[in-house]
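Along the sequence shown, residues carry numbers from 1.
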Amino acid sequence: MTAKRVLPADEPLQRPERSARLLTIHDFLAAELLERWRRHCERAELPGPDGEWSYTTNDGTAKIRSNEDIVERRRRVEAAYKRGEFAYSKWEPQRTSAFHQEVQRHMSSAATLAQLSAIVGEEVVRISDVYVTIFQDGDFLSLHDDRGLGKYAFTISLSSLAEGEGGRLRLYAAPEGGEGQRRMLGELRPRANELLIFSLSPTLLPHEVEPVTGTTRRSTIAGFLDTRDFTCNQAFIDEAAGVDA
């Protein structure tokens, strides 16, 4: 695992907020683990005959994982996205799947929590939620801020996307007083085995994932970190975790 630094040199954060924290770590996962998880996501059938992966959309803030009515659900969230509402289109494994359970065990282990604590400079007491996501052609995650879900949010890219393939993470400064125009702070193109951590408290960093274009899948592990001075609203986490249909 390499040393932490703020954003890659070729993608500078524009006028960072004084109380906001944004950290990138390269080569976070062991190479063998990264490759095994990357291959699993790359080879996944969407949807597959074994039902491991589910098309995942939202109804308001509630997450729905199901392979029923995919065309209609995609139409609804795309329409919501165009209206500027919170919406997403992506794929996630069932929470009971062996793959999800393996990722959850690794990310919640004492060794991983110790790594994360060293990175943020305070004790991470637990990962309040962890999920694996595949974005393929046309999938997206609209602007949101994850308030109440943890002290920090994190994402680990399992794959890299080239320029022109979309899938960039866009970060914004929250408007003062909750009103006014958001100012974009930067855009981050997914890079394999890069860990990104950013603060959710006390300063929010609203963010979105632009639509993926092309054949390369944007595969990530993401979640939220609780510290001793901040624990999540569990009701928010339960709703964000969603249900398996």
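- Ion pair Glu72/Arg75 flagged as a salt bridge, since at least one NZ, NE, NH1 or NH2 atom sits closer than 4.0 Å to an Asp/Glu carboxylate oxygen.
- Using a 4.0 Å cut-off between charged side-chain N and carboxylate O, Asp229 and Lys151 make a salt bridge.
- Using a 4.5 Å cut-off between side-chain heavy atoms of Ile, Leu, Val, Met, Phe, Trp and Tyr, with links allowed through other members, Val125 and Leu116 fall into different hydrophobic clusters.
- Just one residue in the list Arg74, Arg218, Arg217 forms a side chain to side chain contact (heavy atoms under 4.5 Å, CB included) with Asp139, and that residue is Arg74.
- The aromatic rings of Phe99 and Trp53 are tilted relative to each other, their planes meeting at an angle between 30° and 60°.
- Under the side chain to side chain contact (heavy atoms under 4.5 Å, CB included) test applied with Glu102, the options His40, Arg36, Met107 reduce to a single match, Arg36.
- Tyr88 and His144 have their aromatic ring centers separated by at least 6.0 angstrom.
- Side chain of Ser160 to backbone of Ala192: a donor-acceptor contact under 3.5 angstrom is found.
- The closest side-chain heavy-atom distance from Ser219 to Arg38 is not below 4.5 Å.
- Remark: Asp226 engages Arg126 in a salt bridge, criterion side-chain N to carboxylate O under 4.0 Å.
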| Between Ser142 and Glu85, is a side-chain hydrogen bond (donor to acceptor under 3.5 Å, both in side chains) present by the stated rule, with each step listed? | CA-CA 7 Å; Ser142 72; Glu85 300 172 5; over 6 Å; no
| said: As a quick check of understanding, evaluate side-chain hydrogen bond (donor to acceptor under 3.5 Å, both in side chains) for Ser89 and Tyr55, giving each step before the final call. | reply: CA-CA 8 Å; Ser89 169; Tyr55 182 54; 2.7 Å; yes
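- A 6.0 Å sphere centred on CD of Gln101 holds more than 12 heavy atoms belonging to other residues, nucleotides or ligands.
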